[in-house]
Engineer: 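A single structure is presented below for examination.
The figures that follow rest on heavy atoms only: side chains count, while hydrogens, waters and symmetry mates do not. Counting starts at 1 for both ligands and their atoms, in listed order. Quick note: residue numbers are just sequence positions, from 1.
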Amino acid sequence: MVDKKLSGAGLRGQSAGETALCTVGKSGSGLTYCGYDVSDLADNATFEEVAYLLFNGELPSQIQLTAYKNELMAMRDLPQALKEVLQRIPASAHPMDVMRTGASFLGNLEPEEDFSQQNKAANRLLAAFPAIMTYWYRFSHENVEIDCVTDEDTIGGHFLKLLTGKAPSELHRKVMNVSLILYAEHEFNASTFTARVCASTLSDMYSCITGAIGSLRGPLHGGANEAAMDMIQKFESPEDAKIQMAAMLERKEKIMGFGHAVYRTSDPRNVIIKKWSEKLGQEFGDSSLYDISVACEEFMWDTKKLFCNADFFHASAYHFMGIPTKLFTPIFVCSRLTGWAAHVMEQRSNNRIIRPSADYIGAEPRSVKPISQR
Ligand SMILES: CC(=O)SCCNC(=O)CCNC(=O)[C@H](O)C(C)(C)COP(=O)(O)OP(=O)(O)OC[C@H]1O[C@@H](n2cnc3c(N)ncnc32)[C@H](O)[C@@H]1OP(=O)(O)O
Ligand SMILES: O=C([O-])CC(=O)C(=O)O
């Protein structure tokens, strides 16, 4: 792993375009948004400031931030037609499919007519996603029809209040804010690249975001936080975790929440969310899931030199906050929407349709035999 070669299948290591939004594995802690180190942003900014940064290239002044937060708060409610669609989606649906439908259906009701509306479309999705997820979840699982508007002035706090109906603690507000910052942007990852390919055909913002949600859904990408949770919940103790993980590796199974396509020795987001997971475990009054996670981290490094990516300690952190596991990846959507939309805008600003070539490995040229002779 340490000497991983950044080349070969999966377009690994190949540049597929330029971006001014993000560097991965290049400087500082290894992750920067518009020149700011992610750890600096996690310590000293809010998610709304990061969204503004990604959409505008600069951090906002206090006046700009207040105006931006007010704009987002005013866009939170869902149209009645969308609520009706969400009511029809069964409880058994995958919440990422709900997010995909929500983004797509909103695009029918409030289409982006031309690119001058791109910021409005991005902000609308940013404001509406927490309600799309929780309106469906609480209707289908608890038979409760929630009010999609809250007085929480941050997106993280708004999401938590929609989910529980109660004002979240300061600690939970803080951790959601940090988590949304950590997930916001990550250069040409699979879902962002999906969004850029779609944007390069001059498609609309809602189509780009809907496609990106589909790419994020898979367990090799955003779906790993959920898969990591399912795994650590099965472990009874740190010792049991090591025994079971050894058996999984023996069976050549992938351990979700470990490894990365670009980072070689660590994911800079891990140390940040790990610290918050520890704090949440103490507050929760039972940190066994955190201790098990630490044992997994040690085991994977010692045996395979594989390290935790952003997803691994998010699993225990979200769990300690009482968030149902099936909502883990949709929270990633609420955050990464900012990176996706910023990349769509960047692609549009200097566009050429993305259309690579393929090396042909199929049959030699041949002619069609009449069907009676095949
Ligand atoms: C926010 C995010 O999207 S972060 C990524 C979330 N995804 C996961 O956590 C899923 C688990 N991890 C993985 O599947 C991979 O590490 C990926 C998809 C993230 C990166 O894939 P790649 O760049 O192809 O991995 P890489 O080239 O480093 O793999 C090297 C070797 O380590 C193995 N490996 C990599 N990750 C893991 C893992 N989590 N568990 C077990 N083995 C692994 C690979 O199978 C490969 O072995 P091989 O050479 O015998 O085939
Ligand atoms: O960059 C990647 O390939 C995956 C990742 O960590 C992310 O999208 O946050």
Engineer: Under a 4.0 angstrom heavy-atom cut-off, which atoms of ligand 1 come close to D311?
Structural biologist: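 Every atom of ligand 1 under 4.0 Å from some heavy atom of D311: 1 (C), 2 (C), 6 (C).
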Engineer: Assess P219 for proximity to ligand 1: is some non-hydrogen atom of it under 4.0 Å away?
Structural biologist: yes
Engineer: Using 30° and 60° as the class limits, which term best fits the ring planes of Y52 and Y68: parallel, tilted or perpendicular?
Structural biologist: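 Rings of Y52 and Y68: perpendicular, over 60°.
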Engineer: Aromatic rings H314 and Y183: how do their planes relate, parallel, tilted or perpendicular, breaks at 30° and 60°?
Structural biologist: parallel
Engineer: Flag R12 as yes when one of its N or O atoms lies below 3.5 Å from any N or O atom of ligand 1, and as no otherwise.
Structural biologist: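 Between R12 and ligand 1 (N or O atoms, distance only) the closest approach is under 3.5 Å.
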Engineer: If the condition is salt bridge (Lys or Arg N to Asp or Glu O under 4.0 Å), which residues does E346 pass it with, not counting sequence neighbours?
Structural biologist: R196
Engineer: Tell me which part of L306 gets within contact of ligand 1: side chain, backbone, both or neither, using heavy atoms under 4.0 Å.
Structural biologist: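 Looking at L306 and ligand 1, just side chain atoms fall under 4.0 Å.
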Engineer: Check ligand 1 against A261 and write out every atom of the ligand that is under 4.0 Å from a heavy-atom position of the residue.
Structural biologist: 20 (C), 23 (O)
Engineer: Heavy-atom distance to atom 18 (C) of ligand 1: which of N309, L220, V262, L182 wins?
Structural biologist: L220
Engineer: Using only heavy-atom distances, determine whether the side chains of T150 and H158 contain a donor-acceptor pair under 3.5 Å.
Structural biologist: yes
Engineer: How about T192 and N189: does a side-chain donor come under 3.5 Å of a side-chain acceptor?
Structural biologist: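 Yes, because at least one side-chain N or O of T192 sits under 3.5 Å from a partner of the opposite role on N189.
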Engineer: Between Y206 and N108, does any side-chain donor sit less than 3.5 Å from a side-chain acceptor?
Structural biologist: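 Their side chains do not contain a donor-acceptor pair, so the 3.5 Å distance test is not met.
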Engineer: Would you call G257 a ligand 1 contact, heavy-atom distance under 4.0 Å?
Structural biologist: yes
Engineer: At a non-hydrogen distance cut-off of under 4.0 Å, which region of A224 contacts ligand 1 (side chain, backbone, both, or neither)?
Structural biologist: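 The part of A224 near ligand 1 is the side chain, not the backbone.
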Engineer: Do the side-chain N and O atoms of S191 and S215 include a donor-acceptor pair separated by under 3.5 angstrom?
Structural biologist: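 Looking only at side-chain atoms, S215 and S191 do not form any donor-acceptor pair under 3.5 Å.
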Engineer: Output every pair passing salt bridge (Lys or Arg N to Asp or Glu O under 4.0 Å) with a member in residues 307-316, not counting sequence neighbours, ordered by first then second residue.
Structural biologist: none
Engineer: Determine, using ring centers only, whether Y263 and H186 are less than 6.0 Å apart.
Structural biologist: yes
Engineer: Heavy-atom contacts with ligand 2 below 4.0 Å: which residues, ordered by chain and residue number?
Structural biologist: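 Answer by chain and number: H186, N189, H221, H260, R269, R336.
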Engineer: Please determine, by modelled atom types, if D230 and T325 share a side-chain donor-acceptor pair under 3.5 angstrom.
Structural biologist: no
Engineer: Side chain, backbone, both or neither: which applies to N189 and ligand 1 if a contact is any heavy-atom pair less than 4.0 Å apart?
Structural biologist: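 Neither; nothing of N189 gets under 4.0 Å from ligand 1.
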Engineer: Output yes when the distance from some N or O of ligand 1 to some N or O of L249 is under 3.5 Å, and no in every other case.
Structural biologist: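 It does not: no N or O of L249 is found under 3.5 Å from an N or O of ligand 1.
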Engineer: Please confirm whether E253 comes within less than 3.5 Å of ligand 1 when only nitrogen or oxygen atoms on both sides are compared.
Structural biologist: no
Engineer: Before signing off on this row, confirm whether K254 and ligand 1 have an N or O atom pair separated by under 3.5 Å.
Structural biologist: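 K254 vs ligand 1: N/O contact under 3.5 Å present.
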Engineer: Can you classify the ring geometry of F332 versus H221 as parallel (below 30°), tilted (30 to 60°) or perpendicular (above 60°)?
Structural biologist: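 Rings of F332 and H221: perpendicular, over 60°.
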Engineer: Could you tell me whether ligand 1 has any atom less than 4.0 Å away from a heavy atom of F332?
Structural biologist: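 The answer is yes: ligand 1 sits under 4.0 Å from a heavy atom of F332.
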Engineer: Under 4.0 Å from a heavy atom of M256: give me the atoms of ligand 1 that qualify, with their elements.
Structural biologist: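 Within the 4.0 Å cut-off of M256, ligand 1 contributes 9 (O), 10 (C), 11 (C).
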Engineer: Hey, would you say the F258 and F312 ring centroids sit under 6.0 Å apart?
Structural biologist: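 Between F312 and F258, which both carry aromatic rings, the centre distance is below 6.0 Å.
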Engineer: Is the closest N or O pair between I255 and ligand 1 shorter than 3.5 Å?
Structural biologist: yes
Engineer: Sequence neighbours left out, cut at 3.5 Å: what donor-acceptor pairs do the side chains of residues 82-97 make with other protein atoms?
Structural biologist:
| from | atom 1 | to | atom 2 | distance (Å) |
| --- | --- | --- | --- | --- |
| E84 | OE2 | Q80 | NE2 | 3.3 |
| Q87 | NE2 | Y135 | OH | 2.7 |
| H94 | ND1 | M96 | N | 2.9 |
| D97 | OD1 | R100 | NH1 | 3.1 |
| D97 | OD1 | R217 | NE | 2.7 |
| D97 | OD1 | R217 | NH2 | 3.3 |
| D97 | OD2 | R217 | NH2 | 3.0 |

